[in-house]
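Below: one structure, written as structure tokens.
Start at 1 and go down the list; that is how both ligands and their atoms are numbered. Values below: all heavy atoms of this structure, side chains included; hydrogens, waters and symmetry mates excluded.
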Amino acid sequence: MKKLIFGFVVGLSLPFIMGYIFLISGGMPVATKGSPLPLERFVARTAIHAAMKDEEDKPSPISADDVNLLAGAKVYNNHCAVCHGTFKGEPTFIAMGLFPKPPQLLDPDDAVNDDPAGEAFWKIKNGIRLTGMPGFDGHLTETEMWQVSQLLVNADKLPEPVLQALTLKTQ
Ligand code: HEC
């Protein structure tokens with residue numbers, strides 16, 4: 001019986017010991033170049049999804065009218081474009097050097113623009129740990145964060161003046 005318990009304990013500990021050896025032997029990639037480990041993307045996505053469950057349906061307290069979208073474009077140019085790109089612009093060196101890569105949020109070919117406003121708002125407010133995505137809580141007002149969320153949700157149908165404001169930013 002004792003042997004059985006001993007075997008059980010060793011069996012349970014083995015994955016942790018192997019994982020620890022993997023870490024201290026330098027097996028874990030820490031540079032930003034390279035692709036994610038097999039489970040890395042799955043774990044990150046699942047964790048974000050779980051944290052986001054109640055946020056997605058949060059209705060936006062502001063509408064997507066031209067005034068709010070223009071204000072959102074201003075916030076975007078000042079605080080987001082360096083990582084998430086300008087309208088029709090090339091990704092910056094900063095964006096290219098990050099891991100994970102920041103999605104180019106104004107690129108019509110990038111299929112990431114379909115987050116509900118509540119989800120975008122949560123990510124902008126709280127950031128995403130260990131990714132380079134900053135949390136803006138306490139630095140942007142709630143209204144500014146909703147304005148830039150609306151900008152992203154409506155990225156595929158922005159009025160001309162807003163597109164112009166987003167194109168002007170130099171890199
Ligand atoms: C220093 C770089 C950086 C800045 C500045 C930055 N972000 Fe991000 N952002 C990231 C990265 C990296 C990710 C990807 C995180 C991931 O893969 O989970 C991200 C993810 C996001 C996402 C989620 C996209 C998705 O498909 O899930 C949203 C929305 C977002 N950022 C909005 C913004 C807004 C709005 C601003 C400006 C107010 C901003 N970000 C500023 C780096 C940045």
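Of the possible polar contacts, none joining the T131 side chain to the P100 backbone as a donor-acceptor pair under 3.5 Å is found. Formation of a donor-acceptor pair under 3.5 Å by the Q104 side chain with backbone atoms of F87 is not found in this model.
Scored by the side-chain contact (heavy atoms from CB on, under 4.5 Å) test, R129 finds no partners at all (sequence neighbours excluded).
Looking at ligand 1, you'll find an N or O of H84 within less than 3.5 Å of one of its N or O atoms. Remark: ligand 1 and Y76 share no N or O pair separated by less than 3.5 Å (distance only, no angle test).
Atom 8 (Fe) of ligand 1 has no N, O or S atom of C83 under 2.8 Å away, backbone or side chain.
Relative to atom 12 (C) of ligand 1, the option among I124, T131, V148 with the closest non-hydrogen atom is T131. Considering P36, P103, G72 only, the shortest heavy-atom separation from atom 24 (C) of ligand 1 involves P103.
For ligand 1, the atoms lying closer than 4.0 Å to a non-hydrogen atom of G132 are 1 (C), 2 (C), 3 (C), 42 (C), 43 (C). Ligand-side atoms of ligand 1 in range of P100: 12 (C), 16 (C), 17 (O), range being under 4.0 angstrom from any heavy atom. Within ligand 1, the atoms closer than 4.0 Å to a non-hydrogen atom of C80 are 34 (C), 35 (C), 36 (C), 37 (C), 38 (C), 39 (C), 41 (C), numbered from 1 in the order shown. Near F136, the atoms of ligand 1 lying under 4.0 angstrom from a non-hydrogen atom of the residue are 36 (C), 37 (C), 38 (C), 39 (C), 41 (C). Each of the atoms 10 (C), 11 (C), 12 (C), 42 (C) of ligand 1 lies under 4.0 Å from some heavy atom of P102. Within ligand 1, counting atoms from 1 as listed, the ones closer than 4.0 Å to a heavy atom of I48 are 18 (O). Close approach of ligand 1 to K123 is summarised as follows: ligand atoms under 4.0 Å from at least one heavy atom of the residue are 23 (C), 25 (C), 27 (O). The atoms of ligand 1 that sit less than 4.0 Å from any heavy atom of L98 are 2 (C).
Within the structure, the closest approach of I94 to ligand 1 does not fall below 4.0 Å when heavy atoms are considered. A heavy-atom separation below 4.0 Å is not found between A44 and ligand 1. Residue-ligand proximity: L105 is placed with a non-hydrogen atom under 4.0 Å from ligand 1.
The neighbour count for K88 NZ, taken as heavy atoms of other residues, nucleotides or ligands under 6.0 Å away, does not exceed 12. In this structure, K3 places its NZ atom where only 12 or fewer heavy-atom neighbours from other residues, nucleotides or ligands lie under 6.0 Å away.
With salt bridges taken as basic N to acidic carboxylate O contacts below 4.0 Å, one links E142 and K125.
H84 and Y76 have tilted rings, their planes meeting at an angle from 30° to 60° on a 0 to 90° scale.
L70 and M145 fall within the same hydrophobic cluster, defined by Ile, Leu, Val, Met, Phe, Trp and Tyr side-chain heavy atoms under 4.5 Å apart, directly or through other members. Hydrophobic clustering, with ILVMFWY side chains joined whenever heavy atoms are under 4.5 angstrom apart, groups V75 together with L163.
Counting heavy atoms under 4.0 Å from ligand 1, residue A95 does not touch it at all.
With respect to N68, the side-chain contact (heavy atoms from CB on, under 4.5 Å) criterion is satisfied by exactly one of N154, I62, L151: I62.
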Would you list the atom pairs, donor with acceptor, under 3.5 Å between side chains in residues 13-27 and any protein atom, with sequence neighbours excluded?
unit_1, atom_1, unit_2, atom_2, d
S13, OG, V9, O, 2.6
S25, OG, I21, O, 2.9
S25, OG, F22, O, 3.0

